[in-house]
*Asks:* 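Starting off with a structure, shown below.
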Amino acid sequence: MVRDYEGMERRWQSKWEERGLGRADRDEGRPKFMIIFAYPGVTGFLHVGHLRGYTYADAIGRYKRMEGFNVMFPVGTHATGNGAISLAARVSRGDEGFIDYLVRNGCPEDRLGELKDPAGAVEFFNSVYVEDYWKRFGFLADWRRFTSTVRPDYGKFIQWQFRKLSEAGLLIQKPYFSAVCPHCGPVAVDASETDISKGGGAETQEYTLLKFKRGGEFLVAATLRPETVYGQVCFWVNPDVTYSKIKKGGEVWIVSPEAERKLMLQKDGVERVGQIPGRDMVGWMCEAPMIRREIPVLPAAFCDPDVGTGLVTSVPSDAPDDWMSLAAAKAGAADSYGLPQELLDSIVPIPIISIEGYGEFPARDAVERMGITGPGDPRLDEAKKQVYKDGYHMGRMRETCGPFSGMRVEEAKDKMRQAMIDSGEAELFYDLTEEVVCRCGERVFIKRIDDQWFVDYGNAELTERTREHSRSMDIMPPEYRENVRGVLGWFRERACVRQGNWLGTRFPFDEKWIIEAISDSTLYPLYYIISIYANDGRISPENMGEEFFDYVVLSRGTLAEAAAATGADAGVLEDVRRDVGYWYPLDVNLGGKEHMTVHFPVFLFNHRAILPDSMQPRGILVNWYVTGKKDKISKSKGGAQPIRGAVREYGADGMRLYYAHVASMFVDVEWSGEAVEMYGQRLERVMSTIEEALSADRESPEGLDRWLASAFASRLEGFRKAMDRYDLRQASTIAYFEMLNDMRWYLRRGGGSRAAARDAARTWILCMAPVTPHSAEELWAAAGFEGLASESRLPPAGERDGAAEYGEELLKGLISDVAQIRKVAGSGAGRIIVYTAPSWKREVLRIAAGMGSVDIPSLTKACMADEGLRRNGKAVSEFVKKVAPEISRSVIDAGAASSLDEAALLRSAAGFLSAELGAEVTVLSADGPDLYDPAGKSRAASPGRPAILLE
RNA sequence: GCGAGGGUAGCCAAGCACGGAAACGGCGCAGGACUUAGGAUCCUGUCCUUAGCGGUACAAGGGUUCGAAUCCCUUCCCUCGCACCA
């Protein structure tokens, strides 16, 4: 049967909407449950991966609703930053590739104009997320509470958050080094290149500037390896570059013009006082820092004026470039400068670091291994990295390194740098590893920002209190529960504001700053409780000053005071306050694994820093990704399966089931359309089986209805347990596989009583409702059950019937055994004889069932006390030896096995068995008189495992 | 390097926090059923052996235990994070 997914989905979605199922209103008589997922950033279309986590949140919310909770599941978007700005800019300048991407994902061409404005882009995508993704997937969210971080009311909340952080003494100011465009202000340098047009792979490196004294001036070299200063033997200058002399703090420095420009952004009072060609510096002597030794200045072409300061100190022992250039200079490359040969000869490398696997000069070993022969070799870069990496992680300082001898390189590096900074021989300097160009076309540099604000997440008391609280939380997966404490521990100050062309909230203490993207998106679950009042106009942003939130969130002051201070209606204020008290704390914050090191820790910190004990979050749930064939199907690459097309093709329920069941929440899954299709078919089968069950109307074989009820009671119990620990996969296995098998067995066995089938179907459909709600409603309506499945309660736990379950297992086992035997025996049998266990064996099990713990000696003893059994002593003790361990391991349910009349059951099922096995089935009791048993099989018969003879 | 996680049958993937039946499922494959036909559906099988009850198995090797994929130790291999990116 081909179903019209979209029509069916829309039909039920509008029913839910009519009934207001997603709406969450305070109801003090009912327990509440509040769940959110970390809202997405507004940077374009989402892909099928994002819906994985969102679907989990909806399914959990639906389940809780069906268990009687008043559920709040709100949604929103995060538009802070420059995602929307750069998006708008790309549309404005007619970026073809980007516009093509938009159109491919379903953006109507006549709406492209709206996207030229960042605010328009935000609104456009807000609507895409809500209408095309979340509603289309059938989420029962409270749409009235939708909010976005760039809305004015949200901004008021964030400003309040920062006032409270300040109150708690957690806002601090100190200098900070950030990538900045001279026009646009601070930019994000990352692989997505949203702010920049070139250099997304660049990293910020911390150089140590080393000052080499010559007369009253300093030649300034930049190094990443301050630990190598003991190996300095000469100094490199590029003879073809004209260097700048700059004044810096009363000193005169010589650096490249590029470095001069960079230094002006990072140091105070830098100005140019002269110039000098590099050529003129060749042959100078200068005093190296730390070692205070005079070393010569030599020419080297590899000195790039745009890297560091364009001047380089030479440590040939550990720097492949230096090693090659020194060799070249000695071999005559420096001849034209008239340097005395004795001087060149006197320059000999000094071994300073010992690394396992290397000799006394790691640089020499590296170049030799790679077969590098000259200074211009491009592989020198790789050699450099290798030596650096090995040296840093495995090296130790040799005895040539004065007080640092014997130290591990990792440690010596910091100590030596600090020592030189303290003695005034060195300073720090930051630079990007490659050229970075802003979208506006300007070059991006690292700039010092003096009055940068930070949130002090390194605060020891806050850290401790936050860790303490995290211990009491429900955090999944369990590894993360442990790990999060570590993450909280290493968190330090975090820059929380920035300048430039950014969307976001103004920093309340200095309006030139805008609060950055993490800081404004971690306390926000709380705001969903309030956003509804702003959205429907009961409160306006003007009412939302500090006193407003102080009152409604922290219950500070009196209602009258709050009403007077805020200008808001007192009744409304009181409602908001009571709402907050009712809904908070948040029960589950669900987010992708990328949040583990940033969002979740800050989420915990902010709650702990600002809110009282009673409002601390209760749970965190982390979901892993859906990945593409090769790499992550990221938003920025745009190549992922668009959601619109996918949901049309596979159906919302098919995709929801795929997400829920394809793997545990805590592993990455590779997207596969085929797999989704499989789940669609699976769902189809479930539906048609339920439909078949609902239409059943015949008499079931004796006991089978009791079995069905018992089986579904057991499934329901398992389903609840799984859902209660948010194990959607296990729950789905039960609802879409195990229940299906049970029902199919029931029908196959000839079951079909109307009442029993409908009862089971009711439970079954309700178990489907969290993950595949549309299909569930469809079936619910077809069955004629009252109301909507989504607003029904899950039935209470049902009664189990051990004997009935045992009996059906017996039949399944028997069929399987016969098939096994047939397989190895070759041909099929004409007649099947089944021998049930003799009554004395059942008697043994009956005795065992009455005992607490069962072991061989005690069971044997107990059996021998029985006169009837004692007559059969030898066989009994043998049987006990075999069966006692199985009972104690609960392989066998002794109670059920002994109480069931197997012979009667098998005889009554003989017709069924004959049909199933395609052969006449005769049931005999192993202790019957005049037993027909030509092969002596009957001796093997035991309860639960009848003996079989194929003829 | 530091921190974390993992290696399960042809493939994907549960189980491992609380050790107890060759190890949930799915896909693939094989046989059968239903069919004009079937990529649809249903049944059965799918480590070796064998008329079902045996053997060997959960990266490799040791250990603890009556019993280990599950606990401990060693080795090999593979991911991920290391920050200002929701």
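Within every chain, numbering begins at 1; the chains are lettered A, B, ... in the order of the sequence lines, protein sequences first and strands thereafter. All values reported here derive from a predicted model rather than from experimental measurement.
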*Asks:* Are the side chains of A:L906 and A:P946 in touch, meaning some heavy atoms are under 4.5 Å apart?
*Replies:* yes
*Asks:* Expressed as a whole number of Å, how far does the P atom of B:rC12 sit from that of B:rG19?
*Replies:* 29 Å
*Asks:* Within the structure shown, what part of the strands sits under 4.0 Å from A:V667 by heavy-atom distance: base, sugar-phosphate, or nothing?
*Replies:* sugar-phosphate
*Asks:* Is there a donor-acceptor contact under 3.5 Å linking the side chains of A:T772 and A:Y736?
*Replies:* yes
*Asks:* Taking the side chain as everything from C-beta on, heavy atoms only, tell me whether A:V662 gets closer than 4.5 Å to A:Y679.
*Replies:* yes
*Asks:* Roughly how many Å apart are B:rG39 and B:rA33, using the P atom of each and rounding to a whole number?
*Replies:* 15 Å
*Asks:* Tell me, do A:N623 and A:F37 make a side-chain contact under 4.5 Å, heavy atoms counted?
*Replies:* no
*Asks:* Check this for me: does the side-chain of A:Q730 come within 3.5 Å of the base of B:rA14 through a donor and an acceptor?
*Replies:* no
*Asks:* Would you check if there is a donor-acceptor pair between the side chains of A:E594 and A:Y625 at a distance under 3.5 Å?
*Replies:* yes
*Asks:* Provide the distance between the two P atoms, one in B:rU8 and one in B:rC78, to the nearest whole Å.
*Replies:* 14 Å
*Asks:* Apply side-chain contact (heavy atoms from CB on, under 4.5 Å) to A:H78 and A:V42, showing your working.
*Replies:* CA-CA 6 Å; A:H78 184 258; A:V42 182; 6.0 Å; no
*Asks:* Starting at CD of A:E916 and ending at C1' of B:rG32, how long is that distance when rounded to a whole Å?
*Replies:* 12 Å
*Asks:* Measure all distances between protein nitrogen or oxygen atoms and nitrogen or oxygen atoms of nucleotides 79-81 of chain B, and list the pairs falling under 3.5 Å.
*Replies:*
none

*Asks:* To the nearest Å, how far apart are A:Y480 OH and B:rG5 P?
*Replies:* 14 Å
*Asks:* Measuring only between side-chain heavy atoms, which start at C-beta, is A:M665 closer than 4.5 Å to A:L728?
*Replies:* no
*Asks:* Rounded off to whole Å, could you give me the CZ-to-P distance for the A:R715 and B:rC24 pair?
*Replies:* 14 Å
*Asks:* Rounded to the Å, how far apart are A:L590 CG and B:rA86 C1'?
*Replies:* 13 Å
*Asks:* Using atom P of each nucleotide, how far apart are B:rU36 and B:rG28 to the nearest Å?
*Replies:* 25 Å
*Asks:* Give me the distance, rounded to whole Å, that separates B:rG38 from B:rC24 when you measure between the C1' atoms they each carry.
*Replies:* 31 Å
*Asks:* What's the CG-P distance between A:L683 and B:rA40, to the nearest Å?
*Replies:* 17 Å
*Asks:* To the side chain of A:V598, which of B:rC24, B:rA86, B:rC85 is closest?
*Replies:* B:rC85
*Asks:* Looking only at side-chain N and O atoms, does A:D933 offer a donor or acceptor that is under 3.5 Å from a partner on A:S938?
*Replies:* yes
*Asks:* Would you kindly compare A:R725 and A:F491 by the position of their nearest RNA chain B nucleotide and give the one closer to the 5′ end?
*Replies:* A:R725
*Asks:* Please give, in whole Å, the distance from B:rC84 P to A:I449 CD1?
*Replies:* 14 Å
*Asks:* Expressed in whole Å, how much space separates the C1' atoms belonging to B:rA30 and B:rG10?
*Replies:* 14 Å
*Asks:* With both distances under 3.5 Å as the test, what is the Watson-Crick or G-U wobble partner of B:rA17?
*Replies:* none
*Asks:* Just by distance, do the side chain of A:K174 and the backbone of A:F454 share a donor-acceptor pair under 3.5 Å?
*Replies:* no
*Asks:* With a 3.5 angstrom cut-off on both distances, give the Watson-Crick or G-U wobble partner of B:rG81, or none if there isn't one.
*Replies:* B:rC2
*Asks:* Taking only nitrogen or oxygen atoms into account, show me every contact under 3.5 Å that the protein makes with nucleotides 25-30 of chain B, one pair per line with its distance.
*Replies:*
none

*Asks:* So, is A:R744 close to the B:rC42 phosphate, meaning a side-chain N or O under 4.0 Å from OP1 or OP2?
*Replies:* yes
*Asks:* Determine, for nucleotides 45-58 of chain B in 5'-to-3' order, which nucleotides have protein heavy atoms under 4.0 Å from the base (write B), from only the sugar-phosphate (write S), or from neither (write -).
*Replies:* SS---BBB------
*Asks:* Let's test this: given Watson-Crick or G-U wobble pairing with both distances under 3.5 Å, identify the partner of B:rC27.
*Replies:* B:rG10
*Asks:* Pick the C1' atom in B:rC11 and in B:rU56, then give their distance to the nearest Å.
*Replies:* 23 Å
*Asks:* Measuring only the P atom in each nucleotide, how far is B:rG7 from B:rC53? A whole number of Å is fine.
*Replies:* 30 Å
*Asks:* Under the 3.5 angstrom rule, does the side chain of A:R729 hit a backbone N or O of A:H661 as a donor-acceptor pair?
*Replies:* yes
*Asks:* Do A:Y154 and A:Y527 have ring centroids that are under 6.0 Å from one another?
*Replies:* yes
*Asks:* A:F912 versus A:I815: any side-chain heavy-atom pair under 4.5 Å?
*Replies:* yes
*Asks:* Would A:E808 and A:K812 pass as an ion pair if we require N to O under 4.0 Å?
*Replies:* no
*Asks:* What is the nucleic acid contact for A:H78, judged by heavy atoms within less than 4.0 Å: base, sugar-phosphate only, or nothing?
*Replies:* sugar-phosphate
*Asks:* Below 4.0 angstrom from OP1 or OP2 of B:rU44, is there any side-chain N or O of A:R748?
*Replies:* yes
*Asks:* Taking CD from A:Q681 and P from B:rC42, how many angstroms apart are they, rounded to a whole number?
*Replies:* 10 Å
*Asks:* Measure from the ring center of A:F666 to the ring center of A:Y480 and say whether it is less than 6.0 Å.
*Replies:* no
*Asks:* Measure from CG on A:D727 to C1' on B:rC24 and round the result to the nearest Å.
*Replies:* 11 Å
*Asks:* Go ahead and name the base partner of B:rU74; Watson-Crick or wobble counts if both distances stay under 3.5 Å, otherwise write none.
*Replies:* B:rA60
